[in-house]
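Quick note on labels: first sequence line is chain A, next is B, and so on, each numbered from 1.
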Protein chains: 2
Amino acid sequence: MDRPYTGVIERLKNAGLRPTRQRLALAKLLFDGGDRHITAETLHAEVLAANVRVSLATVYNALHQFTRSGLLREVVVDSSRAYFDTNTSGHHHFFDEDTGDLSDIPDGEISVSSLPGAPAGKVLSGVEVVVRVRSQQ
Amino acid sequence: MDRPYTGVIERLKNAGLRPTRQRLALAKLLFDGGDRHITAETLHAEVLAANVRVSLATVYNALHQFTRSGLLREVVVDSSRAYFDTNTSGHHHFFDEDTGDLSDIPDGEISVSSLPGAPAGKVLSGVEVVVRVRSQQ
DNA sequence: ATATAAATTAGAATAACTCTAAACTAACTG
DNA sequence: CAGTTAGTTTAGAGTTATTCTAATTTATAT
Ligand SMILES: [Mn+2]
Ligand SMILES: [Mn+2]
Ligand SMILES: [Zn+2]
Ligand SMILES: [Zn+2]
């Protein structure tokens with residue numbers, strides 16, 4: 001149950017990021033264990049709960065750096081907060097508008113057919129399907 | 001070329017909204033002419049340019065009331081601003097991440113197949129496909 | 001006309017970020 | 001190692017889109 005940081009250290013180094021105490025704690029929460037969908041606030045709360053003092057500015061910095069390096073992907077589903085996804089491969093989401101819960105649509109349960117070409121002079125950068133659901137009565 | 005408000009007055013009354021000077025001006029900009037994609041700021045600028053004094057708070061109020069009444073639909077594509085669409089029927093969007101341009105994907109050029117059922121205890125409320133494009137370089 | 005409920009508004013407040021500039025630290029070099 | 005330097009963290013201030021508050025105004029009903 002120990003040597004807990006080796007994997008995460010490598011992951012950060014490969015991304016060209018120094019494995020600092022803060023980034024290690026954040027990366028461990030994000031990448032050790034299954035795929036996750038998080039916001040800056042929830043990640044900040046988790047890292048504090050794990051007794052690592054990290055500022056909110058650093059959480060935002062890390063989320064953006066991880067995203068730029070391809071370790072995370074941003075999912076836009078709510079105009080009031082940014083969500084980040086540790087699963088960077090192409091997949092789609094359920095978003096519960098009442099609870100704010102973001103969850104994956106299992107692969108194969110949805111597919112987009114006959115993708116349109118990008119308008120003239122533009123280049124495609126991603127395709128996202130969001131299936132919105134409600135849980136409140 | 002006159003009696004310019006009759007259509008819009010009916011539309012507001014049917015939605016249970018009093019046809020005030022402000023709502024008439026906003027509804028005219030929104031619904032007279034083709035389908036539109038707008039933000040609160042752009043609509044506010046337009047209404048001022050048309051020489052009708054309307055506060056930004058009223059623009060936000062109207063956008064939300066129109067949305068609740070089904071005259072508009074909100075499209076979530078950018079975590080920093082809310083877009084509203086005068087076309088409330090089911091259709092999908094291109095979003096240019098460089099310019100902020102939101103445009104419709106022509107009907108038939110895309111389709112989502114094998115829609116998943118909503119997770120247990122949840123009810124489906126919408127399906128949105130966003131095709132992100134870039135125009136810079 | 002009056003009354004009443006609904007709507008508008010200025011400006012303050014909020015919330016999610018982003019920025020700045022100073023303090024710290026990881027990594028390199030000899 | 002000790003010294004240097006570039007990268008990182010941070011507190012707190014700043015920004016921006018949006019919401020709220022409470023006072024004023026207006027639409028509608030009688
Ligand atoms: Mn924001
Ligand atoms: Mn916002
Ligand atoms: Zn996901
Ligand atoms: Zn549209």
Inset, instruction - Report which part of the nucleic acid A:His44 touches: base, sugar-phosphate, or nothing (heavy-atom distance under 4.0 Å, all strands). - result: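 Since no nucleic acid heavy atom lies under 4.0 Å of A:His44, the category is nothing.
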Legend entry - Sugar-phosphate only, base, or nothing, as touched by A:Ala40 at under 4.0 Å among non-hydrogen atoms: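 Nothing, no heavy atom under 4.0 Å.
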Inset, instruction - Could you tell me whether the side chain of A:His91 reaches within less than 4.5 Å of the side chain of A:Arg73, counting heavy atoms only? - result: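 In contact.
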Inset, instruction - Check every atom of C:dA26, C:dT8, C:dA5 against the side chain of B:Gln22 and return the nucleotide holding the closest atom. - result: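 Among the listed nucleotides, the one closest to the side chain of B:Gln22 is C:dT8.
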Mind calculating the distance between [atom1] ([X]) and [atom2] ([N]) to the nearest angstrom?
X       : N      : atom1 : atom2 : result
B:Leu48 : C:dA10 : CG    : P     : 10 Å
B:Leu63 : C:dT8  : CG    : C1'   : 15 Å
B:Asn61 : D:dT25 : CG    : C1'   : 15 Å
B:Gln65 : C:dA7  : CD    : P     : 6 Å

Phosphate oxygens OP1/OP2 of [N]: is one of them under 4.0 Å from a side-chain N or O of [X]?
X       : N      : value
A:Tyr60 : C:dT18 : no
A:Ser79 : D:dT18 : no
B:Arg81 : D:dA17 : yes
A:Thr58 : D:dT10 : yes

Inset, instruction - Could you say whether A:Arg53 or B:Ala57 is positioned toward the 5' end of DNA chain D, judged by the nucleotide with the nearest heavy atom to each? - result: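 Going by which nucleotide is closer to the 5' end, it is A:Arg53.
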Inset, instruction - Find which nucleotide of DNA chain D each of B:Thr39 and B:Leu17 is nearest to by heavy atoms, and output the residue with the more 5' nucleotide. - result: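 This one resolves to B:Thr39.
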Inset, instruction - On DNA chain C, check which nucleotide each of B:Arg23 and A:His64 is closest to and give me the residue with the more 5' one. - result: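 Going by which nucleotide is closer to the 5' end, it is B:Arg23.
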Inset, instruction - Specify whether B:Phe84 and B:His64 have parallel, tilted or perpendicular ring planes, treating 30° as the upper limit for parallel and 60° as the lower limit for perpendicular. - result: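 It falls in the perpendicular class, over 60°.
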Inset, instruction - Could you label the plane-to-plane angle of the B:Phe66 and B:Phe31 rings as parallel, tilted or perpendicular, counting under 30° as parallel and over 60° as perpendicular? - result: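 Tilted, since the angle between the ring planes falls between 30° and 60°.
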Inset, instruction - Without swapping roles, check the side chain of B:Asp104 against the backbone of B:His93 for a donor-acceptor pair under 3.5 Å. - result: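 Flag not set: sc B:Asp104 to bb B:His93 has no pair under 3.5 Å.
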